[in-house]
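Written out below as structure tokens is the structure these notes cover.
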Amino acid sequence: MSEHSLEIALKYGETLKNFNGISEAEKYFISYKDNLLTVLKDISAQCLEFVPDYTVESLKKLEKWYFDLYRNNSFDKLGLFQNDFESIMSVYWGEVVIKNNEEAKWVIEEFPFSQNKYELIVNKGFCNVAIGDTFRDLYKKQGNTRKDFLFREYNKLFAK
């Protein structure tokens, strides 16, 4: 690992939540994930744009909803901030991976470059994706002119 890469990893580790062991981290992340999925279910019931059915195709609809909310600056109408919605998208994306891949699972692991810092990860075989700020500021994503990054990222990493 280059010195620059190590510096980036250490800075990232500083942003992670501190825990007193794996059991505390597991309890937190399971609750965090379940809470965000419940919020998504509740807010999607208020509108017609999106139904959280956990299909791969639903990722396109979720992203369309996100961009509609962003364009209209209307996250607050859902009682959320934009970064809250982006966290919800990340967890939903992970749950879509889990529900559409028998071998995929949620994993909570200590970050290798920081003690007592843990991450929520979607794992399938040798592929690990940390879920947290995975889709933060998605509106800035270069090369996303079709606004289907969630769908393409799923297919790139986890399509069967």
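None of the values given here were measured: they were computed from a predicted structure.
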At their closest point, which heavy atom of [X] faces which heavy atom of [Y], and how far apart are they?
X: Ser58; Y: Val96; result: OG-CG2, 4.4 Å
X: Asn116; Y: Glu110; result: N-OE2, 2.7 Å
X: Asp53; Y: Tyr92; result: N-OH, 3.5 Å
X: Phe149; Y: Asn144; result: N-OD1, 3.2 Å
X: Ser90; Y: Gly132; result: OG-O, 3.7 Å
X: Ser114; Y: Gly13; result: OG-CA, 3.5 Å

Which value, rounded to the nearest 0.5 Å, describes the distance between Lys64 atom NZ and Arg71 atom CZ?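 Nearest 0.5 Å value for the NZ-CZ distance: 7.0 Å.
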Could you grab the distance from atom CG of Leu120 to atom NZ of Lys17, nearest 0.5 Å is fine?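 The distance works out to 13.5 Å.
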Ile88 and Leu80: CA distance, side-chain angles, deciding distance, side chain to side chain contact (heavy atoms under 4.5 Å, CB included) verdict: CA-CA 10 Å; Ile88 289 168; Leu80 300 171; 4.0 Å; yes
In the single-linkage hydrophobic clustering (I, L, V, M, F, W, Y; side-chain heavy atoms under 4.5 Å), do [X] and [Y] co-cluster?
X: Ile8; Y: Leu10; result: no
X: Met89; Y: Ile121; result: no
X: Ile30; Y: Ile98; result: no
X: Leu157; Y: Val122; result: yes
X: Val51; Y: Val91; result: no

Close aromatic pair by centroid cut-off 6.0 Å: [X] and [Y]:
X: Tyr12; Y: Phe111; answer: yes
X: Trp93; Y: Phe158; answer: yes
X: Phe75; Y: Tyr70; answer: no
X: Phe29; Y: Tyr118; answer: no

Return yes if some donor-acceptor pair links the side-chain N/O of [X] with the main-chain N/O of [Y] below 3.5 Å, else return no.
X: Ser31; Y: Lys27; result: no
X: Arg136; Y: Asn83; result: yes
X: Lys117; Y: Leu16; result: yes
X: Asn100; Y: Tyr54; result: yes
X: Asp42; Y: Ser44; result: no

Crowding at [atom1], [X] (>12 non-hydrogen neighbours, <6.0 Å):
X: Lys147; atom1: NZ; answer: yes
X: Asn73; atom1: CG; answer: no
X: Phe67; atom1: CZ; answer: yes

Is there side-chain contact between [X] and [Y], with heavy atoms separated by less than 4.5 Å?
X: Leu78; Y: Leu69; result: yes
X: Ile43; Y: Trp65; result: yes
X: Leu138; Y: Lys141; result: yes
X: Lys124; Y: Val97; result: no

Qualifying residue for side-chain contact (heavy atoms from CB on, under 4.5 Å) with Ile108, from Glu26, Lys33, Glu24, Glu119: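 Of all the options given, the one that passes is Glu26.
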List the steps, then state whether side chain to side chain contact (heavy atoms under 4.5 Å, CB included) holds for Leu37 with Glu95. CA-CA 9 Å; Leu37 293 173; Glu95 194 69 9; 3.9 Å; yes
What do the steps show when you test Phe85 against Leu62 for side chain to side chain contact (heavy atoms under 4.5 Å, CB included), and what is the final call? CA-CA 10 Å; Phe85 194 90; Leu62 179 60; 3.9 Å; yes
May I have the step-by-step check of side chain to side chain contact (heavy atoms under 4.5 Å, CB included) for Asp137 and Gln82, ending in yes or no? CA-CA 8 Å; Asp137 295 332; Gln82 179 180 329; 4.1 Å; yes
Salt bridge (Lys or Arg N to Asp or Glu O under 4.0 Å) for Lys60 and Glu57? Distances and angles first, verdict last. CA-CA 6 Å; Lys60 291 179 184 178; Glu57 281 294 315; 3.6 Å; yes
Applying salt bridge (Lys or Arg N to Asp or Glu O under 4.0 Å), run through Lys156 and Glu153 and close with a yes or a no. CA-CA 5 Å; Lys156 179 175 85 175; Glu153 195 70 359; 3.3 Å; yes
